[in-house]
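Everything below concerns the one structure shown next.
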Amino acid sequence: MALTEYQKERYSRHIKLKKIGNAGQEKLLSSRVLVIGAGGLGAPALMYLAAAGVGTLGIVDYDVVELSNLQRQVIHGTPDLGVPKAESAASFVRRLNPDVRVVLHQKYITAKNIGDMIENYDFVLDAVDNFSAKFLINDACVLAGKPFCHAGVLGFHGQIMTYVPGQGPCYRCVFEEIPSAGEVDDCSKTGVLGVIPGILGSLQALEAQKYLTGCGDLLTGKILTFDGLTMQFRTIEIPESSGHCRVCGDVADIIELKEENYR
């Protein structure tokens, strides 16, 4: 697709980048990204993906905007209280950039629906806040051969990794099984500094844009961690899979998605 004069002006700072240029911006405008979760991580990710001109953004969320969300979920405002997050997010995206087509998925992801949901997208963002959903996203993307970016936050800390089929371990390779209830703290119990998901969600948007344009090195085979108290980033190399991963290993036993595996 050839850029219009309006688009050349709107995305001029992208186009000036030698690693992006006209060709890279055209790739963004023709790309499709699915953001699962329109909360703390999904909000900044959607904001920067929309601003970048990603042509189609899918938004998955079934919750409504609550007062406690507003400390970190920056695309929602006080007038949006009680509004479904997917609708509020879509409204923000459309105001920010009319170039972007928005597809709403106002539902919870399940083992039955996630395959159809991710099918038509080029890249997926895991912006959810519970482990069952994270493992479901991972398993669905691995089985479907879809690249995705995981991020998680808690307190003053965050982590991010990217999976690309054939280029490194998946989320389950690293974390193996869904933690038991109460085994791991979550933000609703221990809190999170509002800016932390903003940083990690922005990094997810960066990973997506790098993948779509083919520039830079992705966080495949590694996890990037961030400590907001010390302002330290650390990159941890993930060892090559031993072949025992239940979804991508040599003896994988997860060959289809079953609802009982994600409860």
Side-chain angles (χ1 to χ4, degrees), residues 31-39 41-42 45 49 54 56-62 86 103-152 159-180 184 200-201 204-205 207-212 214 218-224 237-263:
S31 295
R32 300 170 59 90
V33 175
L34 181 68
V35 180
I36 305 179
L41 292 165
L49 291 171
V54 171
T56 299
L57 287 177
I59 303 173
V60 183
D61 206 299
Y62 191 68
V103 180
L104 295 187
H105 304 272
Q106 288 182 255
K107 59 187 74 175
Y108 291 116
I109 56 169
T110 68
K112 291 182 179 180
N113 68 21
I114 191 170
D116 290 339
M117 209 177 290
I118 67 176
E119 182 177 6
N120 295 319
Y121 291 92
D122 303 307
F123 197 84
V124 177
L125 295 191
D126 157 20
V128 299
D129 61 0
N130 72 84
F131 288 105
S132 294
K134 288 184 178 298
F135 276 85
L136 176 56
I137 293 167
N138 175 82
D139 295 354
C141 287
V142 172
L143 292 176
K146 291 285 181 181
F148 79 98
C149 181
H150 148 80
Q159 66 184 29
I160 178 174
M161 64 177 285
T162 295
Y163 168 80
V164 176
Q167 295 186 24
C170 72
Y171 180 85
R172 190 179 280 276
C173 290
V174 181
F175 299 102
E176 297 186 353
E177 298 294 340
I178 302 170
S180 301
V184 179
L200 272 297
Q204 286 186 286
E207 285 288 278
Q209 291 176 64
K210 285 159 56 184
Y211 175 82
L212 296 170
L218 296 168
L219 288 168
T220 51
K222 63 194 77 170
I223 296 178
L224 180 69
E237 298 288 334
I238 306 171
E240 284 295 320
S241 173
S242 63
H244 296 299
C245 176
R246 293 187 60 200
V247 71
C248 72
D250 297 332
V251 292
D253 65 330
I254 299 176
I255 57 176
E256 62 178 329
L257 302 176
K258 297 180 180 179
E259 205 64 54
E260 59 265 27
N261 292 334
Y262 306 98
R263 292 173 180 164

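We use all heavy atoms of the structure for the numbers below, so side chains are in, but hydrogens, waters and symmetry mates are not.
Checked against ring-ring contact (aromatic ring centres under 6.0 Å, His included), Y163 has the following partners two or more places apart in sequence or in another chain: F148. By the salt bridge (charged side-chain N to carboxylate O under 4.0 Å, His left out) test, K146 is found to be paired with no residue, residues two or more places apart in sequence or in another chain being considered. With sequence neighbours left out, Y211 forms a ring-ring contact (aromatic ring centres under 6.0 Å, His included) with F123. Scored by the side chain to side chain donor-acceptor pair (under 3.5 Å) test, Y108 finds D63 as partners (sequence neighbours excluded). When the salt bridge (charged side-chain N to carboxylate O under 4.0 Å, His left out) test is applied to R246, the partners found at least two apart in sequence or on another chain are E177, D253.
The aromatic rings of Y121 and H105 sit perpendicular to each other, their planes meeting at more than 60°, with 30° as the lower class boundary.
The salt bridge (Lys or Arg N to Asp or Glu O under 4.0 Å) pairs that include a residue from residues 133-143 are D126-K134, D139-R172, where partners are two or more places apart or lie in different chains.
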message: The test is ring-ring contact (aromatic ring centres under 6.0 Å, His included); show your working for F135 and Y171 and say whether it passes.
response: CA-CA 7 Å; F135 276 85; Y171 180 85; 5.0 Å; yes
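Rounding to the nearest 0.5 angstrom, the gap separating the CG atom in N261 from the CD1 atom in I178 is 7.5 Å. We find the CZ-CD distance between F175 and Q159 to be 4.0 Å, quoted to the nearest 0.5 Å. For the atom pair CD1 of I36 and CD1 of I137, the computed distance is 4.0 Å after rounding to the nearest 0.5 Å.
Taking 4.5 Å as the limit, every side-chain heavy atom of T162 sits out of range of all side-chain heavy atoms of P147. Side-chain contact between L49 and L125 is present, with at least one heavy-atom pair separated by less than 4.5 Å.
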